[in-house]
Amino acid sequence: MNLHEHQGKAILSQYGVAVPQGIVAESPEQAVEAAKTLQAKTGTTMWVVKAQVHAGGRGKGGGVKLAKSLADVEKLADQILGMHLVTPQTPPEGKLVRKVLIQQDVYYPGSSDIREFYMSVLLNRKTGRNMVMYSPRGGMDIEAVAAETPDQIFTEEIDPKVGMQAFQARKIAFNLGLSGTAYKNMVKFAMALYQAYEGADASLFEINPVVKTSDDNILAVDAKVVVDNNSLFRHPDIKAMRDFNEEDPIEVEASRYDLNYVKLNGNVGCMVNGAGLAMATMDMIKMSGGDPANFLDVGGAADAKRVEEAFRIILKDPNVKAILVNIFGGIVRCDRVAQGIVDAYSNIGDIKVPIIVRLQGTNAKEGKQLIDESGLKVHSAIALEDAAKLVNEVLKN
Amino acid sequence: MSVLVNKNSKIVVQGFTGNEGTFHAGQMIAYGTNVVGGVTPGKGGQMHLNLPVFNTVEDAVKKAGADVSVIFVPPAFAADAIMEAADAGIKVIVCITEGIPTKDMVKVKEYLSGKEARLIGPNCPGVITPGEAKVGIMPGFIHEPGKVGIVSRSGTLTYEAVDQLTKEGLGQTTAIGIGGDPIIGTTTKEAIELFMNDPDTKGIVMIGEIGGTMEADAAYYIKEQGTKPVVGFIAGATAPKGRTMGHAGAIIGGKEDTAEAKKKIMRECGIHVVDSPADIGRKMAELLN
């Protein structure tokens, strides 16, 4: 589950990771109030207004702006709130900004240089262990750093038996070229960051940049936090942070019926049992001259009700020109699934797009017969390649 | 011959008396699998499906001689169940459970390192040696004893491959569902090593998907030490970046996670990669006949 920057920072803060002071606002008036509060608290005379949407590259899209006066805060908040922020990570139409984070500016001048670092915590799938990945080249796209200067990316792998050790945090601070107070603060920062990662059952922390201020504080100035969905049962506080506004409304509805649905941009909808087969079915649609409109795993119990809900979900997408149902019946019996399709078809009524049903496995022939004799405009197949051919034919007509 | 499980395997079912455990243990027994009992803490001494229930896996090992376990325990308790099985001396642990937190699996992986136990899964359909032992949730009837070994990260996509191989008359030695999670016990490469060392396995089908580097690791091993033809398929060529496609491990983060990157490496390593899942059986028949 993705979190907003301000939510991620709240979690970091709980574990003692230093973050700039910030307050969330939903209107320009609230933004000004927030700025005043921050001024009273920190003495700051500049603020950063940051759009809170689930997407990286917000600065590039004009969603992060520096305000040099309270009037600026009001103007910029007014500008950013309600905008459809377009970044390389959003859909082309952008994402509606509903909230902004008003944050103290931490790039103030002082006795030492300001520096920006990169730090992330994530699972190394090869070793099955977590690692801290960091670089002295912060504030830029880490994939570009990896490509240009791979020697500027360091990792510390964490032994699950003992967790992160102080010597590892010291190595991080030294490799980042720090000394004195900044070094001490970085050791504390790195230790706390890993504690937070473990404590929150996160699957990704990406702090870019980590800033060394001119007075040697180490702060998480941005925070991308992703939490392991499978762990949410033991984190009700984090589960409550889910922002449905950030998700595709059809995906939200599908999740209510326990359907695993991901919206894509193609013209052929699909309904499949099993994640691997669902991906393979999408690939087959592409090879047959179509484009998958979605990923949809109906799961093990593809009964009539679930099939009907799945059809309704797929049909909400106006781009869908055909639907391919691909079920490999194991424990699930194909004749039951077929009956589910026939029932769903008549219950929904007025389905205008052609439907291709491929049933294989337990009672596949009985299932096909049921479909063929139903009088519905449904094409049926048993072999996978026949289904692919039918998709191709249907799209041509 | 076969790998991992056979007619002599003595299987204990963890989470035996729950809904899932009861249903699938019943199916396994009906297939002819040698299930020797089950474990449900607190229900030791009772009988279930005409078999003894034990409080601990240790009891099942001592009293019934169990050497293989299959786990149907809910996600919050599954990591504990795996470690209990390993501690009790179980040699092959098959974890069906979907949805175990990654943090728990990091611990499990560490716990298992250096121990004799081999973990299959989690989030997998299990392992079947046709005609001998069905240890998992796959439909038994589509399988036939034969000469092809299958390793796959997916459930129904494995059934698809099995069905095609059965219809081609090739059958299977053993089909291993290794699971769709980011951390799993047995990797693609390790499963392929088992098949390369099994004299009855004449060909191998390897089914992968987006996310991680397991297929590439297996491909390099095959290039170096492979002695049998391998047919490969990777699902998810059309999957978008950054989205989890059903399986927690099926997500494109970097370039090496893509189907295209994996297929390229597999082809370079001599694996017969098919672009359509409909061609798996035919390709293997071509290579073996």
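Chain naming here is simple, since letters A, B, ... match the order of the sequence lines and numbering starts at 1 in each.
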S.K.: Pick one of side chain, backbone, both or neither for S203(A), based on which atoms fall under 4.5 Å of a heavy atom in chain B.
M.R.: neither

S.K.: Considering residues at least two apart in sequence or located in another chain, which fulfil the ring-ring contact (aromatic ring centres under 6.0 Å, His included) criterion with Y197(A)?
M.R.: F205(A)

S.K.: Please indicate whether E366(A) has more than 12 foreign heavy atoms, meaning atoms of other residues, nucleotides or ligands, lying under 6.0 Å from its CD.
M.R.: yes

S.K.: For residues 98-108 of chain B, give me every residue with a non-hydrogen atom less than 4.5 Å from any non-hydrogen atom of chain A.
M.R.: G99(B), I100(B), P101(B), T102(B), K103(B), D104(B), V106(B)

S.K.: Please give me the minimum heavy-atom distance between G246(B) and A275(A), naming the atom from each residue.
M.R.: CA-CB, 3.9 Å

S.K.: Heavy-atom distance under 4.5 Å to chain A: side chain of E160(B), backbone, both or neither?
M.R.: both

S.K.: Taking A250(B), G208(B), G211(B) one by one, which has the highest count of heavy-atom pairs under 4.5 Å against chain A?
M.R.: G211(B)

S.K.: Is E385(A) close to chain B through its backbone or its side chain, or both, or neither, when contacts mean heavy atoms under 4.5 Å?
M.R.: both

S.K.: Can you name the closest pair of heavy atoms from T362(A) and F141(B) and give their distance?
M.R.: OG1-CE2, 3.0 Å

S.K.: Checking A280(A) against chain B: side chain, backbone, both or neither under 4.5 Å from a heavy atom?
M.R.: both

S.K.: If you count the non-hydrogen atoms of other residues, nucleotides and ligands that lie under 6.0 Å from CZ in F77(B), is the total more than 12?
M.R.: no

S.K.: So what's closer than 4.5 Å to chain A heavy atoms on T244(B): side chain, backbone, both or neither?
M.R.: backbone

S.K.: With chain A as the partner, which of G155(B), P182(B), G242(B) has the greatest number of non-hydrogen pairs under 4.5 Å?
M.R.: P182(B)

S.K.: Between F23(B) and chain A, which part of the residue has a heavy atom less than 4.5 Å away: side chain, backbone, both or neither?
M.R.: side chain

S.K.: So what's closer than 4.5 Å to chain A heavy atoms on I184(B): side chain, backbone, both or neither?
M.R.: neither

S.K.: Quick one: which of K286(A), Q89(A), M284(A), K126(A) has the most heavy-atom pairs under 4.5 Å with chain B, could you say?
M.R.: K126(A)

S.K.: Listing request: all salt bridge (Lys or Arg N to Asp or Glu O under 4.0 Å) pairs with a residue in residues 262-280 of chain A, at least two apart in sequence or in separate chains.
M.R.: K263(A)-D317(A)

S.K.: If we ignore hydrogens and angles and just use 3.5 Å, is the side chain of R125(A) paired with the main-chain N or O of G249(B) as donor and acceptor?
M.R.: yes

S.K.: Once you round to the nearest 0.5 Å, how far does CE of M282(A) lie from CE of M245(B)?
M.R.: 3.5 Å

S.K.: If you count the non-hydrogen atoms of other residues, nucleotides and ligands that lie under 6.0 Å from CG in N19(B), is the total more than 12?
M.R.: no

S.K.: List the residues meeting salt bridge (charged side-chain N to carboxylate O under 4.0 Å, His left out) with K161(A), not counting sequence neighbours, and say none if there are none.
M.R.: D159(A), E110(B)

S.K.: So for I207(B), is it side chain, backbone, both, or neither that comes closer than 4.5 Å to the heavy atoms of chain A?
M.R.: neither

S.K.: Rounded to the nearest 0.5 Å, what separation is found between the CD atom of Q164(B) and the CG atom of L384(A)?
M.R.: 7.0 Å

S.K.: Working note: L157(B) + M279(A), criterion side chain to side chain contact (heavy atoms under 4.5 Å, CB included); need CA distance, chi angles, decisive distance, verdict.
M.R.: CA-CA 9 Å; L157(B) 194 48; M279(A) 278 186 275; over 6 Å; no

S.K.: Shortest non-hydrogen contact from G276(A) to H247(B)?
M.R.: N-CE1, 3.8 Å

S.K.: What part of D275(B) is in contact with chain A, defined as an atom under 4.5 angstrom from a non-hydrogen atom: side chain, backbone, both or neither?
M.R.: both

S.K.: Is it the case that atom NZ in K115(B) sees more than 12 heavy atoms from other parts of the structure closer than 6.0 Å?
M.R.: yes

S.K.: Tell me, for Y159(B) versus chain A, whether the close heavy atoms (under 4.5 Å) come from the side chain, the backbone, both or neither.
M.R.: both

S.K.: Check whether any side-chain heavy atom of P75(B) sits under 4.5 Å from a side-chain heavy atom of N230(A), and report yes or no.
M.R.: no

S.K.: Checking heavy atoms, do the side chain of A76(B), its backbone, both or neither come under 4.5 Å from chain A?
M.R.: both

S.K.: Under 6.0 Å from the CD atom of Q165(A), do we count more than 12 heavy atoms belonging to anything else shown?
M.R.: yes

S.K.: Minimum heavy-atom separation for F233(B) to D283(A), with atom names?
M.R.: CZ-OD2, 4.5 Å

S.K.: Please rank E209(B), H24(B), R153(B), Q27(B) by heavy-atom pairs under 4.5 Å with chain A and give me the top one.
M.R.: E209(B)

S.K.: Is D228(A) close to chain B through its backbone or its side chain, or both, or neither, when contacts mean heavy atoms under 4.5 Å?
M.R.: side chain

S.K.: Non-hydrogen atoms of chain A under 4.5 Å away: do they reach the side chain of T213(B), the backbone, both or neither?
M.R.: side chain

